[in-house]
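Remember, it's a predicted structure, so these values are computed and weren't measured experimentally. By convention here, the first residue in the shown sequence is residue 1.
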Amino acid sequence: MVDAGALVDGYCADCTRTFATGALPDRLKDAYAVCLEGQEAGLQSVRTGTTGIEADANARTVIDQAGFGEQFGHGLGHGVGIDVHEAPRLSRESSDTLAANNVVTVEPGIYLPGEGGIRIEDLVVVTDDGPEILTSFTKDLETVV
Ligand SMILES: [Mn+2]
């Protein structure tokens with residue numbers, strides 16, 4: 001798992017990708033696919049007026065229904081700007097609502113003790129029409145050695 005950031009002209013970026021380091025058991029391949037499906041559901045819910053609770057729930061439902069809910073132990077995402085972690089929060093406890101031009105992360109994770117962990121994080125601009133995804137790095141499951 002590689003969580004990388006950047007700082008340009010006083011503003012932060014945040015990106016996470018997960019790579020395989022060899023042949024994976026089916027359970028980890030499945031977990032990767034579920035994490036990505038949950039991330040896509042979370043991304044598609046990012047628009048003006050969505051609450052942080054709703055965005056989190058849209059991703060979490062996918063992961064819950066696949067049986068990995070207990071292994072997704074953190075919030076879906078957070079605002080990014082002058083600080084790398086700031087409002088609005090996308091989580092079960094959030095009291096925030098997304099506003100146009102907020103920049104947020106969408107980063108579900110599934111962590112299987114003793115087996116492996118997965119997190120997939122994109123940086124997204126909130127618009128009235130949906131997500132403007134800033135992260136272009138592939139989300140295909142890549143093997144690195
Ligand atoms: Mn992050």
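Shortest non-hydrogen contact noted between Asp96 and Ala87 is OD2-CB, 4.2 Å. For Glu142 against Thr138, the heavy-atom pair with the smallest separation is OE2-CG2, 3.6 Å. For the residue pair Cys12 and Leu123, the shortest heavy atom distance occurs at O-CD2, 4.4 Å. Closest non-hydrogen pair, Tyr111 versus Pro113, comes out as O-CD, 3.4 Å. Across every non-hydrogen atom of Ala55 and Ser45, the tightest pair is CA-OG, 3.5 Å.
His85 contributes no side-chain N or O that, together with a main-chain N or O of Gly77, makes up a donor-acceptor pair within less than 3.5 Å. Here the side chain of Glu86 pairs a donor or acceptor atom with the backbone of Asp83 at under 3.5 angstrom.
Annotation: the span from Gln65 atom CD to Arg60 atom CZ amounts to 13.0 Å, rounded to 0.5 Å. Here CG of Leu24 is found 5.5 Å from CG of Leu141. Values are rounded to the nearest 0.5 Å. Rounding to the nearest 0.5 Å places CD1 of Ile53 at 12.0 Å from CG of Asn58. Note that the CG atom of Leu76 and the OG atom of Ser94 stand 10.5 Å from one another [nearest 0.5 Å]. Separating the CG atom in Asp128 from the CZ atom in Arg47 is a distance of 9.5 Å, to the nearest 0.5 Å. Between the SG atom of Cys35 and the CD atom of Glu121 there is a distance of 11.0 Å, given to the nearest 0.5 Å.
His74 and Glu107 are not linked by any side-chain donor-acceptor pair at a separation below 3.5 angstrom, with hydrogens and angles left out of the test. With 3.5 Å as the limit, one finds no donor-acceptor pair spanning the side chains of Ser91 and Asp56. Remark: the Gln39 side chain and the Asp122 side chain contain an N/O donor-acceptor pair separated by less than 3.5 Å.
Clustering ILVMFWY residues whenever any of their side-chain heavy atoms sit less than 4.5 angstrom apart, transitively, puts Val2 in a cluster other than the one holding Leu28. Criterion: ILVMFWY side-chain heavy atoms under 4.5 Å apart, direct or through other members. Under it, Ile120 and Leu112 are part of a common hydrophobic cluster. Val62 and Leu43 fall into different hydrophobic clusters, where Ile, Leu, Val, Met, Phe, Trp and Tyr side chains are chained together by heavy-atom contacts under 4.5 Å. With hydrophobic clusters built from ILVMFWY side chains whose heavy atoms lie under 4.5 angstrom apart, Val124 does not share a cluster with Val103. Both Val80 and Val125 are assigned to one and the same hydrophobic cluster, defined by single-linkage of ILVMFWY side chains at heavy-atom distances under 4.5 Å.
Comment: Arg17 does not engage Asp140 in a salt bridge, judged by the lack of any side-chain N to carboxylate O separation of less than 4.0 angstrom. Checked for salt-bridge contact, Asp3 and Arg119 meet the test: a charged N lies under 4.0 Å from a carboxylate O.
The closest side-chain heavy-atom distance from Pro88 to Val104 is below 4.5 Å. Using a 4.5 Å heavy-atom threshold, the side chains of Phe68 and Arg27 count as touching. Using a 4.5 Å heavy-atom cutoff, the side chains of Val46 and Leu98 are in contact. The shortest distance between side-chain heavy atoms of Phe19 and Thr143 does not fall below 4.5 Å.
When each of Leu90, Ile118, Ile63, Val34 is checked for a side chain to side chain contact (heavy atoms under 4.5 Å, CB included) with Pro108, only Ile63 meets the rule.
Within a 6.0 Å radius of OH in Tyr11, other residues, nucleotides and ligands contribute 12 heavy atoms or fewer.
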Show the numbers, then the answer: is there a side chain to side chain contact (heavy atoms under 4.5 Å, CB included) between Val126 and Glu132?
CA-CA 7 Å; Val126 177; Glu132 180 189 342; over 6 Å; no
